Each structure stands twice: as C-alpha cells, then as structure tokens.
Amino acid sequence: MPSDEVLLAGFAGGDAAAFAQLYERHERPVYRFLRRSLGNDAAAQDLMQEVWLAVVRNAAAFEPRARFTTWLYGIARSRLIDNWRTRRDTVSLDEDAANEDDGRPAPIAALAAGADCEPEVLALSRAQAAAFLAAVEQLPVPQREAFLLHAEGGLTVEEVAQVPGVGRETAKSRLRYAMTRLRAAMEIWR
C-alpha cells in the first residue's frame, strides 16, 4: 500500500486515483477533527471542502519535511482559525438529531452503544458519551486541539507540536493536561 506522501506526489503528477485514495484514508478523521472542534456539522462540512481544495491546490508544492498527515492537519487547523476569526456561532455536539439538517444522527448517537443493548445500558452509554463530549468542549482551545489532533488524527506528539508550531514539550504538556482534565471529568462514571 503506497504511503500518503507517494500518493500525494502521484496526484501532483496527474494521478486522480491517488487523490481518491488519500481522500478515502483521511476524510473521516479530518471531518471528526473539524466537527469536534467546531461543534457544528454544516460548518465542518464547509471547512472539509476548503481543506481538500487546499490539498489539491498545494499538492505540487508539498515537500516531505513532515508526514502528509501533519501537513493535512496543519491545513485543517489554519481553516479552523480562519473560521473562528470570522464566525462566533457554534452548536453543541449533543444537539438533538432532529436539529441536524442532513438527517444523520447526532454525534452522541455514533459514540453510544448499539440499538441491541438494554434501554438502561443504552441510556447510560449515551449519558457517558454526552459527558465525554461536553468535557472535550470544555477543554481550553490549545488542549482540545492537541487532544483532537492526537485522538482523531492519530498524530504523534512531535506531529501535534508541528501543526501549531510549538515545541514538543508544549505539545506533550497540552496533551497531558487535556487527558488529566478528561479523566477527572469522567471519574464519576467509574
């Protein structure tokens, strides 16, 4: 299986199938990163288009000093920052599925147990998922960003540091503080 960097180089050389493979590999994690950062499905969809358009436009200029994923999440982060500067409206991650424009279930439904569970287990699972998502939303932005890059993007500590341009120890601290806060918030569920 070709690496992301090889696929991007292939796409830059005119291979449209290489782009399709890259998109298939990274579409869901990048979307989750944007969705959880924004708390709004429509805005996340819009930014997804901007992120992938930027990948298309800048494919030929990519220099493999870092992994493709680091570059990709750097683009996603830049689009998030631009979005935050121009917009201040957000929607909670736990908004009812009835409020979703695209008819898909709310993000909590995806994290909760399946429909084959007993009602009380399902309710508990949904409550835990809601508590976790609320705890993620409550993290300070630098910690939330580091956590989402690591958890959703699968980036290493070094790559998490490269995206916002901070030192490795700063990224490591942000991750550690985020995990500590999340563990504390979920302690009542043990």
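Owing to the predicted nature of the structure, the values given are computational and were not obtained by experimental measurement. For reference, positions follow the sequence shown, starting with 1.
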Subject >> Salt bridge flag under 4.0 Å for residues Asp4 and Arg25 >> reply: yes
**OP:** Consider only side-chain heavy atoms of I, L, V, M, F, W and Y, link residues closer than 4.5 Å, and tell whether Met179 and Met186 are in one cluster.
**Re:** yes
Subject >> Shortest non-hydrogen separation from Ala161 to Gly167 and the atoms involved >> reply: CB-O, 3.6 Å
Subject >> Tyr23 OH to Leu72 CG distance, which is reported to the nearest 0.5 Å >> reply: 11.0 Å
Original post:
For the residue pair Ala171 and Val157, what are the closest heavy atoms and their distance?
Top reply: CB-O, 3.9 Å
Under 3.5 Å, sequence neighbours excluded: what are the donor-acceptor pairs made by side chains of residues 141-154?
| residue | atom | partner | partner atom | Å |
| --- | --- | --- | --- | --- |
| Gln143 | OE1 | Arg181 | NE | 3.4 |
| Arg144 | NH1 | Glu137 | O | 2.8 |
| Glu145 | OE1 | Arg77 | NE | 2.9 |
| Glu145 | OE2 | Arg77 | NE | 2.5 |
| His150 | ND1 | Leu155 | O | 2.8 |
| Glu152 | OE1 | Arg32 | NE | 2.5 |
| Glu152 | OE2 | Arg36 | NE | 3.0 |

Original post:
Rounded to the nearest 0.5 Å, what separation is found between the CD1 atom of Ile75 and the CZ atom of Arg57?
Top reply: 11.5 Å
**OP:** Examine distances only and state if a side-chain atom of Asn40 and a backbone atom of Ala43 form a donor-acceptor pair shorter than 3.5 Å.
**Re:** yes
Original post:
Between Ala76 and Val51, what is the shortest heavy-atom contact and its length?
Top reply: CA-CG2, 3.6 Å
Original post:
What do you reckon, is CZ of Phe19 surrounded by more than 12 foreign heavy atoms closer than 6.0 Å?
Top reply: yes
Subject >> side-chain hydrogen bond (donor to acceptor under 3.5 Å, both in side chains) partners for Arg183, two or more places apart >> reply: none
**OP:** Report whether Val56 and Trp52 are members of the same hydrophobic cluster (ILVMFWY, side-chain heavy atoms less than 4.5 Å apart, transitive linking).
**Re:** yes
**OP:** Give a yes or no on whether Phe33 and Trp84 share a hydrophobic cluster (residues Ile, Leu, Val, Met, Phe, Trp, Tyr; joining criterion: side-chain heavy atoms under 4.5 Å apart).
**Re:** yes
**OP:** Compare every heavy atom of Leu8 with every heavy atom of Ala59, then report the nearest pair and how far apart it is.
**Re:** CB-CD1, 3.6 Å
**OP:** Output yes when a side-chain donor or acceptor of Glu159 lies under 3.5 Å from a complementary backbone atom of Thr156, and no otherwise.
**Re:** yes
**OP:** Starting at CG of Leu182, measure out to CZ of Phe132 and round the result to the nearest 0.5 Å.
**Re:** 5.0 Å
**OP:** For residues Val160 and Pro164, report the shortest heavy-atom separation together with the two atoms involved.
**Re:** O-CD, 2.8 Å
**OP:** Report yes or no: does Asn58 contribute a side-chain atom to a donor-acceptor pair with the main-chain N or O of Ala54 at less than 3.5 Å?
**Re:** yes
**OP:** Begin from the C-alpha positions of Val55 and Phe11 and carry the test side chain to side chain contact (heavy atoms under 4.5 Å, CB included) through to its verdict.
**Re:** CA-CA 10 Å; Val55 169; Phe11 171 67; 5.7 Å; no
Subject >> Non-hydrogen atoms of Tyr73 and Val30 that approach each other most closely >> reply: OH-N, 3.5 Å
Subject >> Value rounded to 0.5 Å, distance of CG in Leu34 from CG in Leu80 >> reply: 5.0 Å
Original post:
Listed by chain and number, what are the salt bridge (charged side-chain N to carboxylate O under 4.0 Å, His left out) partners of Glu63, not counting sequence neighbours?
Top reply: Arg65
Subject >> Straight-line distance of Arg168 CZ to Gln162 CD, nearest 0.5 Å >> reply: 11.5 Å
**OP:** Treat each ILVMFWY residue as a node, draw an edge where side-chain heavy atoms are under 4.5 Å apart, and state whether Leu139 and Leu175 are in one component.
**Re:** no
Original post:
Nearest 0.5 Å, what's the CZ-CG distance between Arg79 and Leu53?
Top reply: 8.0 Å
Original post:
Just by distance, do the side chain of Thr170 and the backbone of Val166 share a donor-acceptor pair under 3.5 Å?
Top reply: no
